[in-house]
Each structure stands twice: as C-alpha cells, then as structure tokens.
Amino acid sequence: MPSYDPNNIFAKILRGELPCYKVYEDDKALAFLDIMPRAPGHTLVLPKAPARNLLDVSASDLAHVMTVAQKVAKGAMAAFGADGITIQQFNEGAGGQVVFHLHVHVIPRKAGAAMKPPAAEKEKPDALAEQAKKLAAAIASG
Ligand code: 5GP
C-alpha cells in the first residue's frame, strides 16, 4: 500500500490551509460536510492523525472516528428529520477511495429518496453553511 501523502485535500483542511463546513471537532477528530453530497447533510468524519484508510489507522483512532460518526448520525436524524443513516467508508482506489486520508461518510436518508451518484454535483455554499449550522447545533445539544 502506498504511504500517507500529506498533500491530500483533507490533510490541507485539517491543517487549516483550506476551508470546510465544520460540524464537529475535538482533539482527535474533525467532521465537516461533503461539498458534493449524496444527500443533504452528507458528512465526513476524519481522524486528525495521518492515516490513509482503514488499513493503516490505529485501532484507537478508528474507534474514536466511529464514536464521532455515531454522534453525527444522531445529530443528523434530529437536524434533518432523517428516516435513516447510511455509513460508507472506502479503502484504496479499487475499494472506491478517492481522497487518501481516512474518512467515514455519514449520509442522512429520507424514506424512498435515492442517493445521488458520488461527486455528482457541488452543493451551493449558502445551503452548506445553513446545513452545517443546523447539524453542529444538533450534535452539540447531544
Ligand atoms: P471517497 O474517497 O470516500 O471515495 O470520497 C471522497 C469524498 O470527498 C467524496 O464524497 C467527495 O464529494 C468529497 N470531497 C472531495 N473534495 C472535497 C473537498 O474539497 N471538500 C469536501 N468537504 N469534500 C470533498
């Protein structure tokens, strides 16, 4: 497996070199909205420590990322009136991974509504800002 590339786009977001629509942060993880959401509120949860994917992440960082994914999922159910949550996580190109810093997708779902294809369309900045505000508040209120 190739080694971790610190110039990947999520590493730049983690270092504050690129912006994101943040919904949650603690000392070990960051969660922000996917700018090409497969459904409204689609969120990515990342460990802050460098890890390419599931295959090289430490067990404790992986456990923490999943704990944060659960917080985000519960917040999304409340914030977006979701009927369910889809979790996705891709490993290496053959596994569907495009950005090589481990991330877990948390995708709020409405009954009967299909997900858009991956990276189909960029969401409008205003919509992302509004969704991030709502979701961050729901996560903070537990
Ligand atoms: P994966 O590596 O899991 O296949 O997918 C990477 C995800 O990152 C895609 O869902 C894509 O829409 C999202 N993405 C790509 N570039 C950016 C970006 O600059 N900012 C954010 N927030 N998401 C991105």
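Order of listing sets the numbers, starting from 1, for every ligand and every atom in it.
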Legend entry - Sub-4.5 Å side-chain heavy-atom contact between H42 and L44: yes
Legend entry - Nearest-contact summary for atom 21 (C) of ligand 1 - protein heavy atom, Å: I35 CG1, 3.6 Å
Inset, instruction - Compute the ring centroids of F90 and H103, then answer whether they are less than 6.0 Å apart. - result: no
Legend entry - Within reach of ligand 1, part of I9 (heavy-atom separation under 4.0 Å): side chain
Legend entry - Residues in salt bridge (charged side-chain N to carboxylate O under 4.0 Å, His left out) contact with R38, at least two apart in sequence or another chain: none
Inset, instruction - Distance to 0.1 Å, residue and atom name: give those for the protein heavy atom nearest to atom 22 (N) of ligand 1. - result: L33 O, 2.9 Å
Inset, instruction - Using a 4.0 Å heavy-atom cut-off, say whether H105 meets ligand 1 through its side chain, its backbone, both or neither. - result: side chain
Inset, instruction - Kindly confirm or rule out a cation-pi arrangement of R52 over Y4, judged by NZ or CZ under 6.0 Å from the six-membered ring centre and within 45° of its axis? - result: no
Inset, instruction - Please work out whether any backbone atom (N, CA, C, O) or any side-chain heavy atom from C-beta onward of F32 is under 4.0 Å from ligand 1, and answer side chain, backbone, both or neither. - result: side chain
Inset, instruction - Report yes if the side chains of Y21 and K133 come closer than 4.5 Å at any heavy-atom pair, otherwise no. - result: no
Legend entry - Shortest protein contact, atom 7 (C) of ligand 1 (heavy atom only): D34 OD2, 3.6 Å
Legend entry - Enumerated ligand 1 atoms positioned under 4.0 Å from heavy atoms of V98: 1 (P), 2 (O), 4 (O)
Inset, instruction - Work out whether the distance between some heavy atom of G96 and some atom of ligand 1 is less than 4.0 Å. - result: yes
Inset, instruction - Please verify whether a non-hydrogen atom of F10 lies at under 4.0 Å from ligand 1. - result: yes
Legend entry - Under 3.5 Å side-chain donor-acceptor pair for Q97 and N91: no
Inset, instruction - Provide, to 0.1 Å, the distance between atom 1 (P) of ligand 1 and the closest protein heavy atom, together with that atom's residue and name. - result: H103 NE2, 3.2 Å
Legend entry - Proximal atoms of ligand 1 relative to V99 (non-hydrogen, under 4.0 Å): 2 (O), 6 (C)
Inset, instruction - List every atom of ligand 1 that sits less than 4.0 Å from any heavy atom of Q97, numbering the atoms from 1 in the order shown and giving each element. - result: 2 (O), 4 (O)
Inset, instruction - May I ask you to check whether over 12 heavy atoms, not counting those of K48, lie within 6.0 Å of atom NZ? - result: yes
Legend entry - Heavy-atom neighbours of E121 CD exceed 12 at 6.0 Å: no
Inset, instruction - Verify the distance criterion only: is there a donor paired with an acceptor across the side chains of D5 and H101 at less than 3.5 Å? - result: no
Inset, instruction - If you have a sec, work out which protein heavy atom is nearest atom 16 (N) of ligand 1 and how many Å separate them, to one decimal? - result: M36 CE, 4.2 Å
